[in-house]
Visitor: 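Have a look at this one.
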Amino acid sequence: METRDTYKTIAAPSDEILYKEKNSKFFGYAFPIEAESEVKQFIDPLRKKHFNAVHFCYAFQIGTEKTSFRANDDGEPANSAGAPIYGQIQSHGLTNTLIVIVRFFGGTKLGVGGLISAYRTAAQMALEAAEIVERTIDIHYQIGFEYKDMNKVMRIIKEKNFNIVSQQMDEKCLIEISVRKKNAAIALEVFEQTFGITIKKLD
């Protein structure tokens, strides 16, 4: 079985979109995120920008190997906002993505079915306004060696096309490399078999 080592996300924050339904306005935004702690920093500026808005509903999914998600209705009837927003993240096969829909109530109630449809449409429009990209899942390793083995290490890195993330050159040298997941076993093997060099996986 081939290892899946790519995932889809969005390249950058989307442009603002506007969807209208019976005088209610739904402003939609999509953001790339790496951690749940980032959600607040995207929603807070929107609360300032749209200070008259009634609801700031959102959903996100993060993670590549193990994913976690959250859907928030922010005062709308249960599962009428967060779930349809999250459904669009799923149907586009995305992760590390946050969608926020800001609603201004227009005076006419939409009903649960109408809300589900409006939030789903606004979320879809926000993703259509974003650039969806495919990225590789990378494993990070730290290579430890003495300065005299520098050429040997660099030759392997160059031959195998590993990416250098950071390096620290002293008597004892440390290089952090990132390797595409499907090539991780090769990296481990080649460095473990090279005398005088240590390799450890970084979290």
Side-chain angles (χ1 to χ4, degrees), residues 1-138 180-181:
M1 195 176 110
E2 197 183 349
T3 308
R4 193 181 69 82
D5 72 344
T6 61
Y7 65 95
K8 285 202 300 184
T9 187
I10 59 174
S14 68
D15 292 333
E16 174 184 283
I17 64 94
L18 171 60
Y19 175 69
K20 292 179 183 172
E21 183 66 40
K22 292 183 181 166
N23 294 329
S24 274
K25 289 180 182 173
F26 297 83
F27 289 92
Y29 306 87
F31 303 99
I33 59 168
E34 297 283 333
E36 184 169 351
S37 56
E38 294 172 46
V39 172
K40 194 173 181 308
Q41 74 192 43
F42 286 117
I43 292 180
D44 283 353
L46 293 178
R47 287 190 191 280
K48 288 196 181 87
K49 180 178 179 176
H50 300 293
F51 56 88
N52 293 334
V54 193
H55 303 285
F56 293 80
C57 305
Y58 66 87
F60 66 80
Q61 178 158 297
I62 46 176
T64 50
E65 314 279 350
K66 293 187 195 126
T67 58
S68 63
F69 74 93
R70 190 156 165 220
N72 187 317
D73 295 312
D74 193 34
E76 294 282 32
N79 300 319
S80 68
I85 296 170
Y86 179 57
Q88 286 304 305
I89 295 175
Q90 283 185 302
S91 72
H92 284 76
L94 301 176
T95 193
N96 292 0
T97 301
L98 163 71
I99 299 175
V100 185
I101 307 297
V102 181
R103 181 191 179 195
F104 286 82
F105 181 54
T108 307
K109 290 198 168 176
L110 301 181
V112 170
L115 287 172
I116 288 171
S117 172
Y119 279 106
R120 182 172 55 227
T121 303
Q124 184 183 345
M125 287 168 67
L127 287 179
E128 284 168 359
E131 184 195 351
I132 293 173
V133 289
E134 190 169 67
R135 300 229 160 103
T136 57
I137 298 172
D138 297 326
R180 196 168 160 168
K181 188 180 167 187

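Scope of the values below: all heavy atoms of this structure, side chains included, with no hydrogens, waters or symmetry mates.
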Visitor: Between Glu38 (side chain only) and Ala35 (backbone N and O only), is there a donor and an acceptor less than 3.5 Å apart?
Guide: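 Pair found, side chain donor or acceptor close to backbone of Ala35.
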
Visitor: Which atom names give the shortest non-hydrogen contact between Ile89 and Thr97, and what distance separates them?
Guide: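 Reported closest heavy-atom pair: CD1-O, 3.8 Å.
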
Visitor: Atom OG1 in Thr67, atom CG in Leu94: separation rounded to 0.5 Å?
Guide: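 Here the interatomic distance stands at 12.0 Å.
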
Visitor: Rounded to the nearest 0.5 Å, how far does CG of Leu127 lie from NE2 of His92?
Guide: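 Taking NE2 in His92 and CG in Leu127, the distance rounds to 5.0 Å.
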
Visitor: Is there a side chain to side chain contact (heavy atoms under 4.5 Å, CB included) between His50 and Lys25 once you walk through the steps?
Guide: CA-CA 11 Å; His50 300 293; Lys25 289 180 182 173; over 6 Å; no

Visitor: Can you name the side-chain hydrogen bond (donor to acceptor under 3.5 Å, both in side chains) partners of Asp44, sequence neighbours left out?
Guide: Lys40

Visitor: Which heavy atom of Gly63 sits nearest a heavy atom of Thr95, and at what distance?
Guide: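 The pair with the smallest heavy-atom distance is O-OG1, 2.7 Å.
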
Visitor: Checking side chain to side chain contact (heavy atoms under 4.5 Å, CB included) for the pair Tyr19/Ile101: CA distance, chi angles, key distance, verdict?
Guide: CA-CA 10 Å; Tyr19 175 69; Ile101 307 297; over 6 Å; no

Visitor: Taking the side chain from Asp73 and the backbone from Ala81, do they hold a donor-acceptor pair closer than 3.5 Å?
Guide: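 Here the side-chain-to-backbone pair exists.
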
Visitor: Looking at Gly82 and Ala59, what are the two nearest heavy atoms and their distance?
Guide: O-CB, 3.7 Å

Visitor: With distance as the sole criterion, is a donor-acceptor pair present between the side chains of Arg135 and Thr9 under 3.5 Å?
Guide: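 Looking only at side-chain atoms, Thr9 and Arg135 do not form any donor-acceptor pair under 3.5 Å.
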
Visitor: Hey, could you give me the SG/CZ distance between Cys57 and Arg103, rounded to the nearest 0.5 Å?
Guide: 8.5 Å

Visitor: With a 6.0 Å cut-off on the ring centroids, do Phe27 and Phe104 count as close?
Guide: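 Yes, the ring centres sit under 6.0 Å apart.
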
Visitor: Between atom OH of Tyr58 and atom CG of Asn72, what is the distance when rounded to the nearest 0.5 Å?
Guide: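 If I round to the nearest 0.5 Å, the distance is 4.0 Å.
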
Visitor: Which distance, rounded to the nearest 0.5 Å, do you find between the CD of Glu36 and the CZ of Phe60?
Guide: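 Here the rounded value is 3.5 Å.
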
Visitor: Sequence neighbours left out, what passes side-chain hydrogen bond (donor to acceptor under 3.5 Å, both in side chains) with Arg180? Give chain and number order.
Guide: Asp5

Visitor: Minimum heavy-atom separation for Ile10 to Val133, with atom names?
Guide: C-CG2, 4.1 Å

Visitor: Which atom pairs, one a donor and one an acceptor, fall under 3.5 Å between side chains of residues 113-126 and the rest of the protein, sequence neighbours left out?
Guide:
residue, atom, partner, partner atom, Å
Tyr119, OH, Glu76, OE2, 2.6
Thr121, OG1, Ser117, O, 2.8
Gln124, NE2, Glu128, OE2, 3.1

Visitor: Could you grab the distance from atom CZ of Phe69 to atom CD1 of Ile62, nearest 0.5 Å is fine?
Guide: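 With rounding to 0.5 Å, CZ (Phe69) is 11.5 Å from CD1 (Ile62).
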
